[in-house]
Amino acid sequence: MLKFEVASRMSAAVLGGYLLAYAFAAGTASALAAGGLLARSDAVVAASMLSFLVYLVAAIYAFAARTAWRAWAWIAGNTVLFGIGAVLFRPAV
Amino acid sequence: MKPTLRQSMDFLHTWTGVLFGALLFLIFFMGTLAVFDREIDRWMMPETRFAAPPAGFSVEERVLPWLRGLAPPGSTFWFVLYPDARTPTVELGWNDPASGKRESRRLNVAGARLLAEAGSWGGTGFFYPFHYSLHIRWKSLGIWIVGLAAMAMLVALVSGVIVHRKLFADFFTFRPQGSRQRATLDVHNVSSVLLLPFHFLITLSGLIIMFTIYMPAGIHLLYGGDTEKYFDEAYSQVRRAPAGQPASLASVDAMVREARHRWGDGEVRSLWIDNPGDRAAVVGMGRAPRDRVAYVTHTLYFDGASGAVLEEDKASHAMIAQNFFTGLHLVAFEHWWLRWLYFVMGLASCVMIATGMLLWVDKRARRHRKVGLAGWRVVDAAGCAGSLGVMVATLAMLIANRLIPEGIAHRPQLEAACFFVAWIACGLHAWLRTTAAGRRAWGEQCAAIAALALAAPLLNWLTTGDHLLKTVSADHWAVAGTDLVLLTSGFAAALAAHRLYRSARTAVVLTEPALSRRG
């Protein structure tokens, strides 16, 4: 793999992956809490535990995707989706 | 041409392994030691080699008077950590409002005497925090580095499985008589595949324990970033500001009886008093999770002045799930066979990581040398100092623990300094003794491990009088077990050193044809 390609995939895995996991944890926690499925603290702990697996999948996909561009697009797209969910379901603190 | 999935996963597996190998070995090795951290405490703190008091002693009569004497007036927090099968001492803690610091002392309840301040950080104070924080406290940087390494470990595990062609066949493949590189590959595969669930879950659970640090997203969004508030809700914590009016404490023994009644069975592990002596005093106590995997403490809160129950932490399903991962990782339950299994599995993780790094070097040493690259030498030296060097440093610390006189100022710091000095020395030695002429560092550091590991039990005997016959016959398994592990490691290291010396003479690695697909 080319050096630029590797650097791009690596940052997609480490940074992009963390941002996606962060957005997932925020979005899922607020959706679970807003839907009344779980108490606020339970929603936080459930979403946070799963977010590590999301990070793992994102990191693997960053290298498994056919191109670095595609890896970035997938990770960024999902981050935005969960980010929108976080904003939509965000409760008044 | 685009690389296939297997090729990109091979690339990912190889490079996460090389970049994080030494760090992961350190984390896993310290974690493996931490499985027996309190037994190492007994070995390193001979003054604590006594039997635990029988359960059910009166905390009111035999513990609280000590705290009243030790804690300065105005102290707003008292803490009692109960003894159990693995720790005979009671730990007393309190905050000092003048310095803002937490102080602590250890108590021998049966002997009714306070122990001198510990001259060693021991397993619980040095090896265990090393495992999760690397002793880098600045802005929790060490914890974050360990978290990144844990994610790298998960990535290496998943990519390693995808790379694998014959997951099942490798269970039964070991070719020690073939080339050394093939044997290394077999050991790497067997230790990885056989214990894959352990490697994966121990790493994932480590991340889950610390999720409030690693993944504060939910707390930011739902609690406005107030982690304390989250903990208050998640654990039904009770906190009250002092009322400013003095009041005497109701019977703490009665509160303990009430707690045991509500729990059905089980003992108190920790007990604390907020605002002691104040009308708004709160007494909290958590149940010892020694009979279950999940680290659930069912904490109870009492009104200090009246003794009435204020709150009971009824762990929710989500919290029990998190507590299950916590308990799975921390091994707080009392089960000796499982504890030994954790120890052996932890060692297997170390073997997997070290053999992975060796494979990288074996595949490249010949080619790198041909084209004049230093990469193999860097990784080989780092691999040696990062694995054997860590063991040498650990043993040097144990030896220092037995040789530095008691009562000397900054004794714990001196012990830790011995660890780091020995480790740096191993790093230099590994670099200097890894040359194109041969890889002598591995054999020599194995020899050092053998010498130190065999010397440590001897020094334990000479300085404390506790030799194996005595400790085994007295059923003092914390000390006996540590001695036995040291002796076993010493003999194993001597055997390894002997074999490595033989192969270093023929400089096997540099003449052996490379097996790798990539060369």
Side-chain angles (χ1 to χ4, degrees), chain A residues 1-2 5-6 9-10 13-14 17-34 37-68 70-71 82-83 85-87 89-93, chain B residues 2-13 15-16 19 147-148 150-155 157-159 162 200 203-212 214-226 229-236 315-325:
Chain A
M1 276 191 255
L2 295 168
E5 171 105 0
V6 171
R9 283 175 190 266
M10 211 168 84
V14 178
Y18 185 76
L19 288 178
L20 170 54
Y22 195 94
F24 169 86
T28 310
S30 51
L32 286 172
L37 280 168
L38 291 175
R40 185 163 68 150
S41 59
D42 290 344
V44 168
V45 78
S48 305
M49 287 197 289
L50 288 173
S51 71
F52 294 112
L53 294 176
V54 172
Y55 194 177
L56 175 60
V57 169
I60 295 288
Y61 184 73
F63 284 85
R66 283 178 59 83
T67 62
R70 195 185 278 232
F82 283 110
V87 173
F89 292 114
R90 185 196 167 115
V93 178
Chain B
K2 292 282 169 204
T4 64
L5 176 68
R6 180 166 283 147
Q7 279 167 339
S8 23
M9 288 301 109
D10 193 6
F11 175 88
L12 185 59
H13 184 76
W15 290 98
T16 43
L19 282 175
L148 186 65
M151 280 312 303
M153 177 79 179
L154 292 179
V155 164
L157 287 172
V158 171
S159 55
I162 298 174
F200 192 87
T203 312
L204 181 66
S205 56
L207 289 163
I208 286 176
I209 292 175
M210 299 262 204
F211 87 87
T212 53
Y214 292 139
M215 195 53 71
I219 293 171
H220 275 164
L221 197 72
L222 298 182
Y223 290 88
D226 189 347
K229 201 167 157 193
Y230 160 74
F231 278 127
D232 284 353
E233 258 182 50
Y235 292 97
S236 318
S316 64
H317 291 305
M319 280 313 291
I320 289 178
Q322 199 267 350
N323 292 339
F324 179 79
F325 282 107

Legend entry - Most chain A-contacting option - heavy-atom pairs closer than 4.5 Å, from B:Ser159, B:Ala150, B:Pro216: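 Of the options given, most contacts go to B:Pro216.
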Give, for atom [atom1] of [X] and atom [atom2] of [Y], the distance between the pair rounded to the nearest 0.5 Å.
{"X": "A:Arg40", "Y": "B:Tyr230", "atom1": "CZ", "atom2": "OH", "result": "11.5 Å"}
{"X": "A:Ser51", "Y": "B:Phe211", "atom1": "OG", "atom2": "CZ", "result": "9.0 Å"}
{"X": "A:Tyr22", "Y": "B:Tyr214", "atom1": "OH", "atom2": "OH", "result": "16.0 Å"}
{"X": "A:Met49", "Y": "B:Phe324", "atom1": "CE", "atom2": "CZ", "result": "11.0 Å"}
{"X": "B:His317", "Y": "A:Leu38", "atom1": "NE2", "atom2": "CG", "result": "10.0 Å"}

Testing the basics here: between [X] and [Y], what is the closest heavy-atom pair and its distance to 0.1 Å?
{"X": "A:Ala59", "Y": "B:Leu12", "value": "O-CD2, 4.5 Å"}
{"X": "B:Leu221", "Y": "A:Arg90", "value": "CD1-NH1, 3.7 Å"}
{"X": "A:Phe52", "Y": "B:Leu207", "value": "CZ-O, 3.4 Å"}
{"X": "B:Met215", "Y": "A:Ser48", "value": "O-OG, 3.9 Å"}
{"X": "A:Ala25", "Y": "B:Ala217", "value": "CB-CB, 3.8 Å"}
{"X": "B:Leu222", "Y": "A:Ala29", "value": "CD1-O, 3.9 Å"}

Legend entry - Pick from A:Ser30, A:Ala47, A:Ala62, A:Gly17 with the largest number of heavy-atom pairs that fall under 4.5 Å of chain B: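 Most heavy-atom pairs under 4.5 Å with chain B: A:Ser30.
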Select one option (side chain, backbone, both, neither) describing which atoms of [X] are under 4.5 Å from chain A's heavy atoms.
{"X": "B:Leu154", "result": "both"}
{"X": "B:Phe200", "result": "side chain"}
{"X": "B:Phe231", "result": "neither"}
{"X": "B:Leu5", "result": "side chain"}
{"X": "B:Met319", "result": "both"}

Taking side chain as everything from C-beta outward and backbone as N, CA, C, O, which of these in [X] sits under 4.5 Å from a heavy atom of chain B? Side chain, backbone, both or neither.
{"X": "A:Val57", "answer": "neither"}
{"X": "A:Ala64", "answer": "both"}
{"X": "A:Ala21", "answer": "both"}

Legend entry - A:Val44/B:Tyr223 under side chain to side chain contact (heavy atoms under 4.5 Å, CB included): CA gap, chis, key distance, verdict: CA-CA 10 Å; A:Val44 168; B:Tyr223 290 88; 3.9 Å; yes
Inset, instruction - Show your working on side chain to side chain contact (heavy atoms under 4.5 Å, CB included) between A:Leu56 and B:Leu204 and close with a plain yes or no. - result: CA-CA 10 Å; A:Leu56 175 60; B:Leu204 181 66; over 6 Å; no
